[in-house]
Visitor: 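Starting off with a structure, shown below.
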Amino acid sequence: PMAAADQLLPWKTLGRRPLVACPPWLTLWQERVELPSGRVIDDFYRVVLPDFVCVVPITPAGELLLVRGYKHGLGRVTLSPPAGLMEPGEDPLAAARRELLEETGHVASEWRALGSFVVDGNRQCGTMHLFVAGQARRQQFPQDCDSEVLRVEVLDRPAVLAALARGEFGSLAGASALTL
């Protein structure tokens, strides 16, 4: 049997090749990896998606700004915090400010980073940079985009918890952002 400490060692990547490369949307890699036990896996797959930001905006009244829109991967309309992909080389806070303004028309004067989280620890699947944006106030109308039609909703905390319980948040990123 393998010692417990051996199981905590990193895997060694012996080789990798891209199977699908569609920048900036995704790259699918097939890797050949060696486990700490010495066993080799010839076909370990990693799905590399771009980093994204997720913002939990809070108004001066303590309400949360959320967006409701259709998510094609889910095939339905869901509720979520404002979120979006980062541009290559873009600072996470700058991306969070940009997404908040684009999706809700709001700016915030108080920003707090809650951390960065990989969506899937084994396959990668994108890194979420999470922020709380306090004192969010409307500055302009949200930007229209034909591929992402969103409706801004302002909910108090009990209404958000009820929406979570009803399954209105379709993505793990959005649900976890609110609970964090």
Visitor: So F44 and T13, do their side chains get closer than 4.5 Å, heavy atoms only?
Guide: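 Not touching, per the 4.5 Å side-chain cut-off.
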Visitor: Which pairs, with at least one residue in residues 70-79 and sequence neighbours excluded, count as a salt bridge (charged side-chain N to carboxylate O under 4.0 Å, His left out)?
Guide: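 Counting only pairs at least two positions apart or across chains, the salt bridge (charged side-chain N to carboxylate O under 4.0 Å, His left out) contacts touching residues 70-79 are K71-E148.
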Visitor: I'd like to check the side chain to side chain contact (heavy atoms under 4.5 Å, CB included) partners of P18; sequence neighbours left out, ordered by chain and number.
Guide: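 Testing P18 for side chain to side chain contact (heavy atoms under 4.5 Å, CB included), a comparison that skips the adjacent residues, returns T27, W29.
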Visitor: Hey, could you give me each pair passing side-chain hydrogen bond (donor to acceptor under 3.5 Å, both in side chains) that has a residue in residues 155-168? Not counting sequence neighbours.
Guide: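 Sorted result for residues 155-168: R68-E168, R166-E168.
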Visitor: For residues F169 and T78, determine if any side-chain heavy atom of one lies less than 4.5 Å from a side-chain heavy atom of the other.
Guide: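 F169 vs T78: side chains apart.
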Visitor: Within the structure provided, determine whether V56 and L65 are in side-chain contact (heavy-atom separation under 4.5 Å).
Guide: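 No. Closest side-chain heavy atoms not under 4.5 Å.
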Visitor: Quick one: salt bridge (charged side-chain N to carboxylate O under 4.0 Å, His left out) pairs with a partner in residues 27-51, sequence neighbours left out?
Guide: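 Found R16-E31, E31-R46, R32-D42.
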Visitor: Would a 4.5 Å heavy-atom cut-off, applied to side chains only, mark Q135 and R137 as touching?
Guide: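 In short, these two side chains touch, coming nearer than 4.5 Å.
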Visitor: Please collect all side-chain hydrogen bond (donor to acceptor under 3.5 Å, both in side chains) contacts where either partner lies in residues 108-122, sequence neighbours excluded, each pair once.
Guide: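 Output for this query lists S116-H129.
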Visitor: If you define the side chain from C-beta out and look only at heavy atoms, does anything of L66 sit under 4.5 Å from V160?
Guide: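 Touching, per the 4.5 Å side-chain cut-off.
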Visitor: Can I get a per-line list of side-chain donor-acceptor pairs under 3.5 Å for residues 173-180, giving both atom names and the distance, sequence neighbours left out?
Guide:
from: S176; atom 1: OG; to: L172; atom 2: O; distance (Å): 2.8
from: S176; atom 1: OG; to: A173; atom 2: O; distance (Å): 3.2
from: T179; atom 1: OG1; to: A175; atom 2: O; distance (Å): 3.3
from: T179; atom 1: OG1; to: S176; atom 2: O; distance (Å): 3.0

Visitor: With the side chain counted from C-beta on, respond yes when F131 and P92 share a heavy-atom pair under 4.5 Å apart, and no when they do not.
Guide: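 Side chain of F131 against side chain of P92, heavy atoms only: contact under 4.5 Å found.
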